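Here is the structure we will look at.
Numbering of ligands and ligand atoms starts at 1, following listing order. Keep in mind it's a predicted model, so treat the numbers as computed, not measured. Count residues from 1 along the sequence.
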Amino acid sequence: MKTFYVLNGPNLNRLGKREPGIYGSETLETVERRLAEVADENQISIVFRQSNHEGDLIDWIHEAEDAAGIIINPGAFTHYSYAIRDAIASVTVQVVEVHISNVHNREPFRHTSVISPVTKGQIVGFGTNGYELALRSFL
Ligand code: DQA
């Protein structure tokens with residue numbers, strides 16, 4: 001059975017409570033349940049994780065090196081974490097970057113992703129549906 005990792009970075013544990021005008025009212029648990037349904041329908045498995053710590057995300061990217069794909073929303077690390085960028089470059093598994101909000105029509109510091117050059121693609125601005133779109137891009 002193919003396994004996909006879905007990794008979420010800092011402050012995404014607060015989804016549903018955090019700036020709902022930007023990120024919506026759905027919680028990360030709801031996103032996880034929705035992806036689990038897609039996984040069941042397609043006979044794949046999902047490892048779903050969130051951390052506020054950069055090193056955890058790096059360890060999980062390494063752990064996922066034999067997975068069928070990684071979907072990652074690195075939160076604010078997107079904009080400056082060369083360590084996460086290098087972790088992605090260190091594995092051959094394909095990675096899709098997801099952002100709930102449209103980072104390109106927000107503050108200038110969000111317009112840069114240091115992650116994008118080492119990903120298969122980026123899905124931004126489709127709310128929490130972006131995670132499902134990213135997963136389906138692998139199927
Ligand atoms: C985010 C966008 C980032 O700029 C921000 O720091 C986040 C969430 C998004 O999903 O839209 O934490 O990655």
Side-chain angles (χ1 to χ4, degrees):
M1 192 187 267
K2 286 185 177 172
T3 299
F4 294 88
Y5 276 62
V6 181
L7 305 178
N8 283 282
N11 302 306
L12 289 159
N13 55 314
R14 297 193 52 79
L15 209 58
K17 290 185 217 144
R18 171 193 187 196
E19 301 180 89
I22 295 174
Y23 298 112
S25 52
E26 201 173 69
T27 65
L28 206 55
E29 287 72 29
T30 309
V31 173
E32 183 173 8
R33 250 182 280 128
R34 202 137 45 86
L35 292 187
E37 281 171 25
V38 178
D40 282 350
E41 284 161 19
N42 291 278
Q43 281 114 44
I44 56 168
S45 75
I46 288 182
V47 175
F48 196 94
R49 301 211 180 124
Q50 187 277 331
S51 177
N52 295 324
H53 306 280
E54 189 177 25
D56 287 340
L57 294 164
I58 292 166
D59 288 344
W60 294 338
I61 291 164
H62 298 167
E63 182 185 306
E65 69 175 334
D66 296 322
I70 299 176
I71 292 151
I72 188 167
N73 182 347
F77 287 140
T78 306
H79 313 301
Y80 65 91
S81 176
Y82 298 122
I84 291 177
R85 184 239 178 258
D86 283 354
I88 293 172
S90 83
V91 293
T92 54
V93 54
Q94 287 195 318
V95 176
V96 173
E97 177 186 350
V98 170
H99 299 289
I100 297 164
S101 63
N102 181 352
V103 284
H104 301 294
N105 67 15
R106 298 184 62 197
E107 302 93 324
F109 78 87
R110 296 187 205 274
H111 299 178
T112 299
S113 168
V114 300
I115 308 294
S116 290
V118 289
T119 62
K120 181 178 175 208
Q122 192 192 44
I123 295 176
V124 307
F126 293 102
T128 49
N129 286 334
Y131 292 95
E132 187 174 332
L133 295 172
L135 180 59
R136 290 194 187 280
S137 78
F138 281 111
L139 303 178

Measuring only between side-chain heavy atoms, which start at C-beta, is Arg85 closer than 4.5 Å to Ser116?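 No; the side chains remain at least 4.5 Å from each other.
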Answer whether the closest heavy-atom distance between the side chains of Glu97 and Ile88 falls below 4.5 Å. no
Which side-chain N or O atoms in residues 4-12 pair as donor and acceptor under 3.5 Å with protein atoms at least two apart or in another chain?
| residue | atom | partner | partner atom | Å |
| --- | --- | --- | --- | --- |
| Tyr5 | OH | Glu63 | OE2 | 2.8 |
| Asn8 | OD1 | Tyr131 | OH | 2.6 |

Measure and list all N/O to N/O distances between ligand 1 and the protein that fall under 3.5 angstrom.
| residue | atom | partner | partner atom | Å |
| --- | --- | --- | --- | --- |
| ligand 1 | 4 (O) | His79 | NE2 | 2.7 |
| ligand 1 | 4 (O) | Arg110 | NH1 | 2.8 |
| ligand 1 | 6 (O) | Ala76 | N | 3.1 |
| ligand 1 | 6 (O) | Arg110 | NH1 | 3.1 |
| ligand 1 | 10 (O) | Asn73 | ND2 | 2.8 |
| ligand 1 | 10 (O) | Ile100 | N | 2.8 |
| ligand 1 | 11 (O) | Ile100 | N | 3.2 |
| ligand 1 | 11 (O) | Ser101 | N | 2.9 |
| ligand 1 | 11 (O) | Ser101 | OG | 2.6 |
| ligand 1 | 12 (O) | Arg18 | NH1 | 3.1 |
| ligand 1 | 12 (O) | Arg18 | NH2 | 2.9 |
| ligand 1 | 13 (O) | Asn73 | OD1 | 2.8 |
| ligand 1 | 13 (O) | His99 | ND1 | 2.8 |

Please determine whether a side-chain nitrogen of the Lys or Arg among Arg136 and Glu132 lies less than 4.0 Å from a carboxylate oxygen of the Asp or Glu. yes
Would you name the heavy atoms of Lys120 and Ser137 that are closest together and state the gap between them?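 Heavy atoms of Lys120 and Ser137 come nearest at NZ-O, 3.5 Å.
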Straight-line distance of Thr27 OG1 to Arg14 CZ, nearest 0.5 Å: 12.5 Å
